Amino acid sequence: MTGDRKPSAINNAAPTKASRKLTRRKFLAKTGGVLAAGAFGAVPLRGWAADPINIGALYPSTGSMAQIGIGCVAAAKLAVDMVNEAGGIKSLGGARLNLIVSDVQSDTTVTRTETDRLISGNKLSAIHGCYASALTLIASEVCERAHVPIITGSSSDQLNKGRTYTFTPFARASQFAKAQLQMAKLVSEQAKVAVIFENTAFGTSTSNGLKELAPGEGVEIVMFEPYSAGFTDASPLINKVKASGANTLFSLSYLNDLILIVRTVKQVGLNIAINGGSGGFVMPDFYKNVGKAAEGLQGVAHWNHDVNDDAQKVNAEFKKRTGEFAFEYAGGLVAQTFMLADALERAASADPKKVREALSTLDVSSGYAAMAPGGKVKFGPDGKNVYGRPVGVQWQNADLASIFPKEDARAPLMKT
Amino acid sequence: MWETLAQAVINGLLIGGIYALVSIGVTLIFGVVKIVNFAQGEFVMIGMYISFFLATQFGVDPLVSLVISMPVLFIAGVLIQHFLIRRVLGPNDMPQIFLTFALSLLLLNLALMLFSANYRTVHTSYSDEAWHIGGLYIPVAKLIAFAVAMALSGLLWVFLHTTDLGRAMRAASQNRDVAMLMGINPNRVFAVAFGTALALAGAAGSLLMPFYSAYPFVGQVFVLMAFVAVVMGTLGNVMGALVASLMMGVAESLGIQFVGADSGLIVVFALLLLTLAFRPSGLGARRGR
């Protein structure tokens, strides 16, 4: 079958090599099964009262998103450890969660085959993944067909269309744009926004969303300019922003361009609030690359480590394990694991269909499962958390502080 | 209006200096060795990683690491010329094209494997600094890069015009066969030319590091401009490449400023086509060849 492939199972993976089974069988036959009986007898004493519950984790731990994917896997392991240390799933006799990690290699084709392989090769109760929406969309299709629930922090609104096995506990992409526009008014009541975006599918679609919503939010867009991604010099572009008289800059860019833009704004001495949106902007790596110039920059996230005390606890443990603060996707997926645990508890079954049923009636407002902006999780028929909303964040003292909306603000807006 | 224009020209000239270092390398190799080095951008990338690691591991300022990146790449150039390029120098162009193209792909993918696709930046005290003169500003890191680039180009010019080896390289670039008949050792001249070109790419990498991120594909961004400048400035003409690079930088900057932020390259290529229409051999045609 897949004997020559690297096994994807990480925890409690049983060796499956045929040769080893064979020698063991011979060995058992020779010893008359005495030892085997002894071993079985020892099982309950060790606390293995119930079969472990398999949870699949699909993340890009190699390829272009490797660094983020590795962080996600670390968070997934942390979450499973937390659930297990708290006694596992009690309604299933204290069954432990068993994380089965699979690398989707930042690639859509690999994502499809890996999701298939993960589902067909293991008895899974649920899956979470895959960081990038493009990858999650594929995995969620496969899950839909295989009737295995998938819970994800990915933000594409597409994930809520025509799917019954996909659950999205956090804010959707369409909500991010709205939050960004509202944040522009924190800086000045008369928000004049310059929108610069790379001329790709990502930049064009996101910027058009902003343009459509702006009048409704009372925000004036004074500059709306596409640029070629991967430029060598941001100065001419920033020159134009300066000439536009904007007081807030929305930059829909990937990391490299954004770094150049931020540095150039500082060099020009332009006094403008910058909102870098989500994605790479709210990752620890961004600050490492930009340094002090990142102070005061704003963005939006679906989770932040200061939302409540539980999140702070998770953040402290994540920091201990990885050295970085828990970024939005990492923290979010710890909460997701607890949502799964809650569903398993109520389903009292590891059957993926029953877990889906239980997820669809999930309603939490306390504990790790409710650790999200808004503090409550309940899924609508489209799998969307009806309470889900993004949180506006700002880089303050090398850390991300929640500053918007008022209910979620944990620090005042730092004026730049 | 005038202020915006002046600022756009300054921005263009400053980045043009970096384009010049890359394009002079390409044109030098083409002029002397008569091959197109498609991997030139990847050597800029290597220069950047050398500076990055020296800065993060040993705290060496990227500008100081120039004295390491340039010799390292010079030696690499001599070795590549000796062991790879020399063997494909023949009447047929195809193996040469394949060789440098393969070298480019190899280096790019090696970098991806070794350093991953992450962006690496170095912070220096002058990275975010700028001088303000009236309403204009001049970023310090770019000004230093420009000044050093011009100084290196000047040194190269002096080398090509006053030393025996330099004259031999120019002779080889004007007419290789006659130069050989005059007793010039082509292998030595080729090796020095290739090494010098790579050293310039290394210098470009080190000079970029204070204000640009290093990543495996970074060379591709600069090599495109370099090739345009090389063609526009007449293939093989060092001075032509220098002037054309500065022009390209300014054209790109003006294009972004006055046409549209995604139109920088449109202006650059329009300028190239215009030049070729009126002077098919490029701007430096009278001097070279």
Side-chain angles (χ1 to χ4, degrees), chain A residues 60 62-68 70 106 194-200 203-204 223-243 253-270 280 283 285-294, chain B residues 1 3-5 7-8 10-12 14-16 18-19 112 116-124 126-132 135-142 208 210-218 220-222 224-225 249 252-266:
Chain A
T62 56
S64 59
M65 303 168 201
Q67 208 177 15
I68 294 164
I70 291 166
S106 320
V195 181
I196 54 178
F197 54 98
E198 55 165 55
N199 55 357
T200 57
T204 315
M223 177 180 161
F224 193 77
E225 183 99 12
Y227 69 84
S228 326
F231 48 32
T232 51
D233 183 15
S235 317
L237 190 60
I238 299 309
N239 243 3
K240 281 190 124 170
V241 175
K242 190 181 175 187
S253 321
Y254 283 109
L255 193 59
N256 188 40
D257 294 338
L258 191 57
I259 293 168
L260 272 184
I261 286 166
V262 169
R263 281 185 161 181
T264 310
V265 165
K266 300 282 158 189
Q267 283 169 354
V268 177
L270 191 56
M283 299 294 297
D285 225 34
F286 178 76
Y287 197 92
K288 271 198 249 158
N289 271 299
V290 181
K292 280 228 158 57
Chain B
M1 175 65 199
E3 204 175 89
T4 317
L5 182 69
Q7 186 66 57
I10 291 173
N11 292 337
L14 292 181
I15 197 70
I18 296 292
Y19 295 158
L112 265 176
S116 81
N118 289 333
Y119 297 112
R120 319 272 184 171
T121 26
V122 168
H123 281 278
T124 59
Y126 49 88
S127 278
D128 300 333
E129 291 299 312
W131 287 337
H132 290 262
L136 303 177
Y137 72 94
I138 300 173
V140 175
K142 281 184 198 161
L208 274 170
F211 62 91
Y212 206 76
S213 309
Y215 56 100
F217 295 95
V218 70
Q220 314 267 311
V221 177
F222 290 91
L224 175 69
M225 277 306 212
E252 187 189 21
S253 174
L254 290 176
I256 292 175
Q257 192 76 51
F258 296 107
V259 183
D262 52 356
S263 312
L265 285 180
I266 296 178

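The structure displayed is predicted, hence computed values, not measured ones. A, B, ... follow the sequence lines: proteins, then strands. Residue 1 opens every chain.
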Asks: Report yes if some heavy atom in the side chain of B/Ile18 is under 4.5 Å from a heavy atom in the side chain of A/Thr232; otherwise report no.
Replies: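 Side chain of B/Ile18 against side chain of A/Thr232, heavy atoms only: no contact under 4.5 Å found.
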Asks: Return the option, out of A/Ser235, A/Gly269, A/Gly291, A/Ala66, with the maximum number of heavy-atom pairs under 4.5 Å with chain B.
Replies: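 Answer, by heavy-atom pair count under 4.5 Å with chain B: A/Ser235.
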Asks: Between the side chain of A/Lys242 and the main-chain N/O of B/Thr4, is any donor-acceptor distance below 3.5 Å?
Replies: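 No: the side chain of A/Lys242 does not pair with the backbone of B/Thr4.
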Asks: My understanding is that only residues two or more places apart in sequence, or in another chain, count here; which of them pass ring-ring contact (aromatic ring centres under 6.0 Å, His included) with A/Phe224?
Replies: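 ring-ring contact (aromatic ring centres under 6.0 Å, His included) list for A/Phe224, sorted by chain: A/Phe197.
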Asks: Thinking salt bridges, do B/Asp128 and A/Lys266 make one under a 4.0 Å N-O criterion?
Replies: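 Here B/Asp128 does not pair with A/Lys266 in a salt bridge, since their nearest N and O are not under 4.0 Å apart.
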Asks: Which pair of non-hydrogen atoms, one from A/Ile259 and one from B/Ser213, has the smallest distance, and what is that distance?
Replies: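 Looks like CD1-OG, 3.9 Å.
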Asks: Can you check whether A/Lys288 reaches B/Arg120 side chain to side chain, under 4.5 Å on heavy atoms?
Replies: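 Heavy-atom side-chain distance check fails, nothing below 4.5 Å.
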Asks: Identify which part of A/Leu237 has an atom lying under 4.5 Å from any heavy atom of chain B, answering side chain, backbone, both or neither.
Replies: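 Its backbone and side chain both get close to chain B.
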Asks: Return each pair, listed once, that meets salt bridge (Lys or Arg N to Asp or Glu O under 4.0 Å) where at least one residue sits in residues 257-266 of chain B; pairs must be two or more places apart or across chains.
Replies: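 Residue pairs with at least one partner in residues 257-266 of chain B: there are none.
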Asks: Report the option among B/Gly249, B/Ser127, B/Gly12 that has the most heavy-atom pairs separated by less than 4.5 Å from atoms of chain A.
Replies: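 The candidate making the most pairs under 4.5 Å is B/Ser127.
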Asks: Would you confirm whether B/His123, through its side chain, and A/Asn289, through its main-chain N or O, come within 3.5 Å as a donor-acceptor pair?
Replies: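 Checked: pair present.
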Asks: Can you find a heavy atom in the side chain of A/Asp233 that is under 4.5 Å from one in the side chain of B/Lys142?
Replies: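 SC-SC contact between A/Asp233 and B/Lys142 confirmed.
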Asks: Chain A heavy atoms under 4.5 Å from B/Glu252: which part of the residue, side chain, backbone, both or neither?
Replies: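 For B/Glu252, side-chain heavy atoms alone lie under 4.5 Å from chain A.
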Asks: So B/Thr121 and A/Arg263, do their side chains get closer than 4.5 Å, heavy atoms only?
Replies: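 Yes, close enough: below the 4.5 Å cut-off.
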Asks: At a 4.5 Å cut-off on heavy atoms, which part of B/Tyr215 comes close to chain A: side chain, backbone, both, or neither?
Replies: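 Answer is side chain: those atoms of B/Tyr215 sit under 4.5 Å from chain A.
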Asks: Select one option (side chain, backbone, both, neither) describing which atoms of B/Gln257 are under 4.5 Å from chain A's heavy atoms.
Replies: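 Both backbone and side chain of B/Gln257 come within 4.5 Å of chain A.
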Asks: Please tell me if the side chains of A/Asn239 and B/Tyr137 come closer than 4.5 Å, counting only heavy atoms from C-beta onward.
Replies: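 Side chain of A/Asn239 against side chain of B/Tyr137, heavy atoms only: contact under 4.5 Å found.
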Asks: Measure distances from A/Thr264 to the heavy atoms of chain B and classify the residue's part below 4.5 Å as side chain, backbone, both or neither.
Replies: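 For A/Thr264, the contact with chain B is made by the side chain alone.
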Asks: Counting heavy-atom pairs under 4.5 Å with chain B, which one of A/Ser228, A/Ala293, A/Pro226 comes out on top?
Replies: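 Among the listed options, the one with the most contacts to chain B is A/Pro226.
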Asks: Does any N or O in the side chain of B/His132 come within less than 3.5 Å of the main-chain N or O of A/Gln267, such that one atom is a donor and the other an acceptor?
Replies: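 Checked: pair present.
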Asks: Under a 4.5 Å heavy-atom cut-off, does chain A meet the side chain of B/Val122, its backbone, both or neither?
Replies: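 The backbone, not the side chain.
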Asks: Side chain from CB out, backbone as N, CA, C, O: work out which of these in A/Val262 comes under 4.5 Å of a heavy atom of chain B, or both, or neither.
Replies: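 Neither part, no heavy atoms under 4.5 Å.
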Asks: Hey, which of A/Glu198, A/Lys292, A/Glu225 has the most heavy atom pairs under 4.5 Å with chain B?
Replies: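 Sorted descending by pairs with chain B, the first entry is A/Glu225.
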